[in-house]
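Read through the structure below, which is laid out as structure tokens, and then see the notes.
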Amino acid sequence: MKKLEEAAILEQLQDLAGWEFKENAIHTSLEFENFKEAFATMTRIAFEAELQQHHPDWTNVYNTLNISLSTHDANGVTAKDFKLAHTIEEIIGG
Ligand code: H2B
């Protein structure tokens, strides 16, 4: 899959509140009530990522979750990253 140009990335980010493009990836930071809520959400995201065969780079500290999405094979952001980002938004949206 071919990596997207910056202009296309910025345009597609308009549908993703709270996400930004930097360092060749799209990122968001999430905050939860506590560690259990954060980890439960990570588990839900993990199952969907596995279905999509596309995986986040993320860090979790207590109730925070920092997510970066890029396509390692393409060395940049592709449609796969936007698909997973929208899935993550559906999961956290309830
Ligand atoms: N996830 C991400 N973020 N980038 C990839 O290039 C990637 C992946 N490659 N998950 C996938 C797995 C690939 O290794 C398998 C074979 O589909």
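Just follow the structure's listing: the first ligand is 1, and inside any ligand the first atom is 1.
The ring-ring contact (aromatic ring centres under 6.0 Å, His included) contacts involving residues 9-36 comprise Phe35-Phe39, where partners must be two or more places apart or lie in separate chains.
Annotation: side chain of Leu10 is in contact with side chain of Glu6 (closest heavy-atom distance under 4.5 Å). Between Ile26 and Glu20 there is no side-chain heavy-atom pair separated by less than 4.5 Å.
The 4.0 Å heavy-atom shell around ligand 1 contains residues Gln53, His54, His55, Ser70, Thr71, His72, Asp73, ordered by chain and number.
The side-chain contact (heavy atoms from CB on, under 4.5 Å) test with Trp58 singles out one residue from Leu69, Asn66, Leu30, Leu65, and that residue is Leu65.
In this structure, a donor-acceptor pair under 3.5 Å is absent between the side chains of Asn24 and Ser70.
At a threshold of 4.5 Å between side-chain heavy atoms, the hydrophobic network of Ile, Leu, Val, Met, Phe, Trp and Tyr places Tyr62 and Ile92 in one connected group.
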